[in-house]
Amino acid sequence: MSKINKKLIVANWKMHKTISIAKQFTDKFLATSKELLAQNKHDVVICPAFHLLDSVRKSFIGSSIYLGAQDCCSFSSDEGAFTGDVSAWMLRDIGCEYVIIGHSERRERYKEINDVIKNKILNAQQAGLKVILCIGETLEQREDGAYKEALSSMLEASLPKNILLDDLIVAYEPIWAIGTGRTANLEQIEEIHKFLSEICLTRFAKELKIIYGGSVNTDNASKILNINKVSGLLVGGASLDPEKFYNLIKIV
Ligand code: PGA
């Protein structure tokens with residue numbers, strides 16, 4: 001399989017699993033997927049909650065799985081008086097290669113504004129992490145037809161100047177499709193990926209990786225990945241169960 005066709009499959013575990021439950025996952029997942037992972041067909045990234053990063057990293061030593069985090073500090077890339085926060089440098093230190101930034105759950109529930117997201121991206125890139133920047137329209141924006149404008153302005157406002165494009169992945173996640181079981185249909189996904197890739201091409205003179213997220217499962221994963229300009233998947237609920245996640249990777 002040529003490198004160009006290699007897709008990125010990202011598991012976003014959100015705030016799930018204790019250390020022992022994560023261990024059950026990694027044991028089972030590795031036992032079933034050794035051969036599959038050895039084929040190195042796609043890049044697979046697991047993004048557990050902070051308290052699991054070290055144990056998950058250890059479990060995956062010697063496999064092709066990459067480790068990612070779900071967030072990082074916006075104020076400093078290394079350290080400082082920021083109670084409760086974890087810096088991008090600390091994530092690198094623990095073995096992360098990727099970090100998800102600007103997930104809609106953070107934008108909405110934690111009121112993360114685009115300036116905060118910009119700082120997080122800069123800090124992440126300064127620490128050498130690859131950034132998975134999430135953008136997505138609300139149901140209201142989708143229904144009133146203003147979703148393309150909403151997406152392009154969100155993308156524009158989230159990106160800092162001096163961005164390292166090679167280490168940036170955009171995740172299109174329509175908010176109305178996250179955790180709802182309601183996936184965007186193939187035409188909707190194709191329309192947006194084409195639209196975003198044209199914006200990126202115009203703005204950066206470069207194609208960026210754009211992945212899709214929102215109720216991805218074993219039934220729809222392969223169809224979505226076959227859409228033009230879909231470079232990968234961001235998988236929440238369907239990544240929590242080792243068997244389901246194995247099956248998802250197997251079929252794509
Ligand atoms: P979901 O979550 O697959 O459970 O919809 C995706 C995400 O929020 O990244």
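The analysis underlying the following values was restricted to heavy atoms, covering all of them including side chains, and did not include hydrogens, waters or symmetry mates. Numbering of ligands and ligand atoms starts at 1, following listing order.
Only side-chain heavy atoms of Asn12 come within less than 4.0 Å of ligand 1; its backbone N, CA, C and O stay farther off.
Regarding atom 7 (C) of ligand 1, its nearest protein heavy-atom neighbour is Glu173 OE2, 3.1 Å.
A salt bridge is absent between Asp43 and Lys7: the closest approach of a Lys/Arg side-chain nitrogen to an acidic carboxylate oxygen does not fall below 4.0 angstrom. Remark: Glu112 does not engage Arg107 in a salt bridge, criterion side-chain N to carboxylate O under 4.0 Å. Glu198 has a carboxylate O that lies under 4.0 Å from a charged side-chain N of Lys194, or vice versa, which qualifies the two as a salt bridge. Between Lys229 and Glu190, no side-chain nitrogen of the basic residue sits less than 4.0 Å from a carboxylate oxygen of the acidic one, so the salt-bridge criterion is not met.
Residue Leu234 has at least one heavy-atom neighbour below 4.0 Å for each of these atoms of ligand 1: 9 (O). Each of the atoms 1 (P), 4 (O), 5 (O) of ligand 1 lies under 4.0 Å from some heavy atom of Gly179. Near Gly237, meaning under 4.0 Å from one of its heavy atoms, ligand 1 places the atoms 1 (P), 3 (O), 4 (O). Residue contact check: His103 has heavy atoms under 4.0 Å from atoms 7 (C), 8 (O), 9 (O) of ligand 1. The ligand atoms of ligand 1 that sit less than 4.0 angstrom from a heavy atom of Gly214 are 5 (O). Applying the 4.0 Å criterion to heavy atoms of Ser215 picks out, from ligand 1, the atoms 1 (P), 3 (O), 5 (O). In summary, the atoms of ligand 1 found under 4.0 Å from a heavy atom of Ala177, numbered by their order in the structure, are 5 (O). Within the listing of ligand 1, atoms 2 (O), 7 (C), 8 (O) sit less than 4.0 angstrom from a heavy atom of Lys14.
Between Phe245 and Phe25, the angle of the ring planes lies from 30° to 60°, which puts this pair in the tilted group. Using the six-membered ring where Trp is involved, Phe29 and Phe60 have ring planes that are perpendicular, over 60° apart on the 30 and 60° scheme.
For ligand 1, the polar-atom distance check against Thr180 finds no nitrogen or oxygen pair separated by under 3.5 Å. In terms of polar-atom proximity, defined here as any N/O pair under 3.5 Å, Gly236 does make such a contact with ligand 1.
In this structure Glu149 satisfies the salt bridge (charged side-chain N to carboxylate O under 4.0 Å, His left out) test with no other residue, sequence neighbours excluded. With sequence neighbours left out, the salt bridge (charged side-chain N to carboxylate O under 4.0 Å, His left out) criterion links Lys223 to no other residue.
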